[in-house]
2 protein chains.
Amino acid sequence: MSKLRLNITMSLDGYVAGPNQSVENPLGQGGEDLHDWLVKLQTFRALHGDASGGETGVNDDVLREAFENIGATIMGRNMFGPVRGPWDRNDPWRGWWGDDPPFGHAVFVLTHHAREPLQMQGGTTFFFVTDGIESALAQARKAANGKDVVIGGGASAVQQYLNAGLIDELEIHVVPLFLGAGARLFDNLDGRKVRVEPIRTIAGPSVTHLKYRVAK
Amino acid sequence: MSKLRLNITMSLDGYVAGPNQSVENPLGQGGEDLHDWLVKLQTFRALHGDASGGETGVNDDVLREAFENIGATIMGRNMFGPVRGPWDRNDPWRGWWGDDPPFGHAVFVLTHHAREPLQMQGGTTFFFVTDGIESALAQARKAANGKDVVIGGGASAVQQYLNAGLIDELEIHVVPLFLGAGARLFDNLDGRKVRVEPIRTIAGPSVTHLKYRVAK
């Protein structure tokens with residue numbers, strides 16, 4: 001059965017982005033530090049077109065596993081870009097990731113504003129979904145063709161899926177960092193409804209990888 | 001050098017107590033569930049006067065270590081009890097822990113309302129400190145006589161000590177639970193000032209033990 005898996009990096013105080021996200025600061029003030037552990041890894045570099053080295057080891061193993069058997073991605077509008085309101089018809093936002101994004105498959109972006117699919121290089125196509133999270137998941141499952149679907153943020157999109165009971169697995173990379181403000185991952189949750197069980201804990205250098213199954 | 005060590009259980013969404021703390025619900029709604037992993041352990045039972053069994057293993061080892069070399073405890077008024085305002089002179093609150101609390105040493109309670117020390121059975125004496133967190137720490141260090149001092153909550157007291165740069169070590173027991181509301185441990189922090197480095201991660205059944213050193 002195809003699973004919906006959350007995969008995200010969180011500060012020790014629970015933030016997945018710092019305050020004041022903008023074009024200059026995609027992850028908000030201080031938010032870039034969340035990904036210090038990530039950007040130096042071999043798997044990350046290879047996904048971003050740099051096949052020349054990078055760190056191997058526990059963290060890299062975990063990252064490689066996180067991308068295994070993934071056939072589609074879901075993200076909130078806030079993860080796709082800082083733009084709000086209707087898309088600019090003349091110069092629409094094309095994501096943070098350049099012409100060749102690291103997904104390599106269909107990406108479903110939750111938005112209130114309709115837009116034609118945006119085909120990028122390397123197999124990534126962004127689809128803009130205006131009829132809700134369940135529709136996005138159904139479309140993503142179909143595109144994934146039996147593989148799993150991953151959701152990577154932002155916080156609000158994750159919360160909607162969690163509260164709706166639609167996420168099957170949570171993988172949280174906890175970094176030893178206090179952001180102090182920003183977007184909290186686990187906010188606006190109904191704790192009586194969302195229950196999780198640990199699958200495993202892996203301690204890597206400078207980051208702890210927590211994996212949970214959502215109890216159904 | 002005597003250290004100030006934080007030792008506390010936190011839900012996956014960052015709470016150390018649920019909402020609506022009261023005499024009936026010391027840890028707020030749902031908050032008791034935070035300590036499910038704890039109350040069944042041999043070390044916990046022995047500390048609470050029950051020498052007859054209890055669970056051993058990884059979690060018990062971690063708990064025993066957490067109590068090693070501790071000579072005094074600091075807590076906020078909110079951890080000592082639900083009472084607010086001046087103490088009742090006729091029937092003052094004596095803590096949550098009965099006549100023989102599990103501390104067995106001097107406990108310094110942060111409060112705005114002066115009160116005579118309260119001597120309990122088993123070596124625990126509660127001292128009520130009205131002149132601030134630094135004074136409480138100085139008194140606790142003196143009482144600890146070379147051993148470490150532990151702070152166990154509540155959230156507000158921990159935040160004050162963290163922001164003042166006075167905590168040396170954090171041990172956070174993360175339980176797979178969403179409380180959804182209540183007292184957040186890592187709130188009101190200045191993330192640029194508080195920096196931590198991992199010491200170790202231990203995965204026990206149903207709880208992950210994260211330990212950090214605060215960078216000075």
Side-chain angles (χ1 to χ4, degrees), chain A residues 6 10-16 18-19 28-31 33-34 37 58-59 155 158-159 162-163 167 170-182 184-215, chain B residues 6 10-16 18-19 28-31 33-34 37 58-59 155 158-159 162-163 167 170-182 184-215:
Chain A
L6 167 65
M10 183 178 89
S11 69
L12 186 51
D13 55 350
Y15 294 100
V16 292
Q29 287 164 10
D33 297 347
L34 287 167
W37 72 278
V58 173
N59 289 343
V158 172
Q159 288 157 21
L162 264 180
N163 276 325
I167 296 185
L170 314 179
E171 180 156 36
I172 320 287
H173 314 284
V174 180
V175 292
L177 186 70
F178 292 113
L179 287 180
R184 269 211 159 99
L185 179 60
F186 294 127
D187 220 344
N188 313 307
L189 287 181
D190 185 339
R192 289 160 302 180
K193 279 177 20 188
V194 188
R195 299 190 176 274
V196 296
E197 305 157 354
I199 296 176
R200 63 141 170 77
T201 299
I202 295 178
S206 295
V207 52
T208 304
H209 310 282
L210 307 176
K211 200 169 185 174
Y212 300 92
R213 183 185 302 110
V214 180
Chain B
L6 167 65
M10 183 177 89
S11 68
L12 185 53
D13 55 350
Y15 294 99
V16 293
Q29 287 164 11
D33 297 346
L34 287 166
W37 72 277
V58 173
N59 289 343
V158 172
Q159 289 157 20
L162 264 181
N163 276 324
I167 296 185
L170 314 179
E171 181 156 36
I172 320 287
H173 314 284
V174 180
V175 291
L177 186 70
F178 293 113
L179 287 180
R184 268 213 159 98
L185 179 61
F186 294 127
D187 219 344
N188 312 307
L189 288 180
D190 185 339
R192 290 160 302 181
K193 281 177 20 189
V194 188
R195 297 189 176 275
V196 296
E197 304 157 355
I199 296 176
R200 63 141 171 78
T201 300
I202 296 179
S206 294
V207 51
T208 304
H209 311 281
L210 307 176
K211 200 168 186 175
Y212 299 92
R213 184 184 301 110
V214 180

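The sequence lines fix the lettering, A, B, ..., with proteins before strands; numbering per chain opens at 1.
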Which atoms of I172(B) come close to chain A, meaning under 4.5 Å heavy atom to heavy atom: side chain ones, backbone ones, both, or neither?
neither

Answer yes or no: is there an ion pair linking R195(B) with D33(A), defined by an N-O contact shorter than 4.0 Å?
no

Of the backbone (N, CA, C, O) and the side chain (C-beta and beyond), which part of S206(B) lies under 4.5 Å from a heavy atom of chain A, both, or neither?
backbone

Could you have a look at F178(A), Y212(A), Y15(A) and say which one has the most heavy-atom pairs with chain B under 4.5 angstrom?
F178(A)

Applying a strict 4.5 Å limit to non-hydrogen atoms, the region of L185(B) in contact with chain A is neither

Interface check, chain A: of P198(B), A181(B), P176(B), most non-hydrogen pairs under 4.5 Å belong to P176(B)

If you tally heavy-atom pairs under 4.5 Å against chain B, which of L189(A), V174(A), N188(A), L170(A) wins?
L189(A)

Which atoms of D187(B) come close to chain A, meaning under 4.5 Å heavy atom to heavy atom: side chain ones, backbone ones, both, or neither?
both

Can you name the nearest heavy-atom pair linking L12(B) to F186(A), along with the distance?
O-CD1, 3.5 Å

Could you state the interatomic distance from OG1 (T201(B)) to NE2 (H209(A)), rounded to the nearest 0.5 Å?
9.5 Å

Among L179(A), V194(A), L162(A), residue most engaged with chain B (heavy-atom pairs, under 4.5 Å)
V194(A)

Turns out that what part of R184(B) lies under 4.5 Å from chain A's heavy atoms comes down to side chain

Most heavy-atom pairs under 4.5 angstrom with chain A, which of D190(B), L210(B), L177(B), V196(B)?
V196(B)

